[in-house]
Engineer: 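Below is one structure. I have some questions about it.
In this chain, residues are counted from 1 in sequence order. Only a predicted model underlies this, so the values are computations on that prediction, with no experimental measurement involved.
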Amino acid sequence: MENKLTLYGFNNLTKSLSFNIYDVCYAKSAREQKDYIAYIDEQYNSERLTNILYDVTNMIGANVLNVSKQDYDPQGASVTFLIAEESMVRSKNGDTVVAHLDKSHVTVHTYPEFHPDNSIATFRVDIDVATCGEITPLSTLDYLIGSFDSDIITMDYRVRGFTRDIGGKKLFIDHKINSIQNYIDPVTLTKYDAIDINVYQSNIFHTKMLIKDVDLQNYLFNTDVYELAPKIRLDITNNLRKEMIEIFSGTNVY
């Protein structure tokens, strides 16, 4: 972080990032649903998710203390990391001590869901990164977005607690931020419609992103889009878009 603050004692601010993605697909026939499950098992199994969390942990400069992971039948997985950050503390006699703050974690959970009427399958991935001190998990956003096929993304970032400067003044946040979007590559942002809902006085930041272009071929399993009649293609595209809009808006629109 730029312009580091001179603090009295520990920086004990807690920074939490919740990163949620929704991967929407169309799977109507038994074969398509089988292919959908195979896709989920490949993209969102616990081994791949564990590797992603290792990368996230390295990016924020933390150390992994413990790993717990589990795959579920027929789909889904969970991975939890207990992590620690090294903090330099100067004692009264001038000695420097390295202390571990074992208060942080990184978790990922996946949730499969299937629409009973229009064959739209939605898969949700939730990643939570909680850190204590100078480290901010916002630096991992570009990597996380690039690691998944995301049609809808919702992100929540909050800074809790307070620390003190050397004069004893309370600091409730230690870095400048007016939007989560500031930490996302502008090229990535051009692919999405994005809105912010922020509560600045409480250091709460919320951003939602919805994919702009829906290329139907990317949402089908072992089916060429041109094998489908134009009206069927239009109906499937409309159903996909309706599902995305409702998830993005958080309400039943249609």
Side-chain angles (χ1 to χ4, degrees), residues 13-25 27 33-87 100-114 121-160 180 183-185 188 192 205-209 211 221 247-248 250:
L13 290 169
T14 299
K15 298 160 185 172
S16 302
L17 173 67
S18 293
F19 173 85
N20 315 115
I21 74 103
Y22 297 85
D23 186 0
V24 182
C25 300
Q33 292 174 7
K34 181 180 178 181
D35 292 339
Y36 168 70
I37 293 174
Y39 161 76
I40 292 302
D41 287 342
E42 178 182 356
Q43 291 294 313
Y44 302 109
N45 61 72
S46 65
E47 181 177 357
R48 179 170 183 263
L49 294 174
T50 298
N51 290 334
I52 289 173
L53 292 197
Y54 269 118
D55 289 341
V56 168
T57 303
N58 289 333
M59 291 175 70
I60 63 176
N63 302 307
V64 178
L65 301 179
N66 180 265
V67 177
S68 176
K69 60 182 179 179
Q70 179 66 52
D71 287 299
Y72 302 107
D73 186 24
Q75 307 106 19
S78 294
V79 182
T80 300
F81 280 23
L82 178 65
I83 63 174
E85 305 118 32
E86 290 185 349
S87 297
H100 284 290
L101 302 181
D102 299 348
K103 297 181 179 179
S104 304
H105 66 270
V106 184
T107 65
V108 57
H109 305 286
T110 65
Y111 303 89
E113 193 269 346
F114 203 88
T122 303
F123 201 79
R124 187 174 106 230
V125 179
D126 292 351
I127 297 179
D128 292 294
V129 185
T131 63
C132 185
E134 294 181 354
I135 296 174
T136 174
L138 290 169
S139 60
T140 66
L141 279 177
D142 276 331
Y143 172 75
L144 290 173
I145 293 172
S147 297
F148 301 100
D149 292 326
S150 308
D151 298 303
I152 307 102
I153 305 171
T154 65
M155 295 158 286
D156 294 279
Y157 178 65
R158 181 169 186 178
V159 181
R160 295 181 175 89
I180 293 174
Y183 293 82
I184 301 174
D185 190 318
T188 300
Y192 292 87
F205 305 88
H206 176 73
T207 297
K208 299 192 293 187
M209 298 166 56
I211 196 77
F221 290 92
I247 295 171
F248 177 74

Engineer: Looking at S46, is its backbone amide N or carbonyl O close enough to the side chain of D71 to form a donor-acceptor pair, meaning the two atoms are under 3.5 Å apart?
Structural biologist: yes
Engineer: Measure from NZ or CZ of R124 to the centre of the six-membered ring of F148 and say whether it is under 6.0 Å with the direction within 45° of the ring axis.
Structural biologist: no
Engineer: What pairs meet the side chain to side chain donor-acceptor pair (under 3.5 Å) rule with one or both residues in residues 72-83, with sequence neighbours excluded?
Structural biologist: Y72-S78, S78-H109
Engineer: Would you name the heavy atoms of T154 and H206 that are closest together and state the gap between them?
Structural biologist: CB-CE1, 4.4 Å
Engineer: Closest heavy-atom contact between Y44 and L49?
Structural biologist: O-CD1, 3.5 Å
Engineer: For T122, enumerate each residue passing the side-chain contact (heavy atoms from CB on, under 4.5 Å) test, keeping only those at least two apart in sequence or located in another chain.
Structural biologist: Y22, V24, E113, I120, E243, I247
Engineer: Write down the atom of S139, the atom of I60, and the distance for their closest heavy-atom approach.
Structural biologist: OG-CG2, 4.4 Å
Engineer: For the pair I21 and I152, evaluate side chain to side chain contact (heavy atoms under 4.5 Å, CB included) and give the outcome as yes or no after the intermediate values.
Structural biologist: CA-CA 6 Å; I21 74 103; I152 307 102; over 6 Å; no
Engineer: Rounded to the nearest 0.5 Å, what separation is found between the OG1 atom of T140 and the CD1 atom of I52?
Structural biologist: 11.5 Å
Engineer: Out of H105, R160, R158, which residue meets the side chain to side chain donor-acceptor pair (under 3.5 Å) rule with S16?
Structural biologist: R160
Engineer: Ignoring hydrogens and angles, tell me if any N or O in the side chain of K15 forms a donor-acceptor pair with the backbone of T131 under 3.5 Å.
Structural biologist: no
Engineer: Taking only residues at least two apart or on different chains, which pairs with a member in residues 50-61 satisfy side chain to side chain donor-acceptor pair (under 3.5 Å)?
Structural biologist: D55-Y143
Engineer: Between V108 and I127, what is the shortest heavy-atom contact and its length?
Structural biologist: CG2-CG1, 3.6 Å
Engineer: Do Y183 and T207 pass the side chain to side chain contact (heavy atoms under 4.5 Å, CB included) test, and can you show the C-alpha distance, the side-chain angles, and the key distance before you say yes or no?
Structural biologist: CA-CA 11 Å; Y183 293 82; T207 297; over 6 Å; no
Engineer: Kindly say whether S18 contributes a backbone atom to a donor-acceptor pair with the side chain of D156 at under 3.5 angstrom?
Structural biologist: no
Engineer: Are any non-hydrogen side-chain atoms of F19 and P137 less than 4.5 angstrom apart?
Structural biologist: no
Engineer: Closest approach of T110 and G76, non-hydrogen atoms and distance?
Structural biologist: OG1-CA, 2.9 Å
Engineer: Taking all non-hydrogen atoms of both residues, which atom of M155 and which atom of M209 are closest, and how far apart?
Structural biologist: CE-SD, 3.4 Å
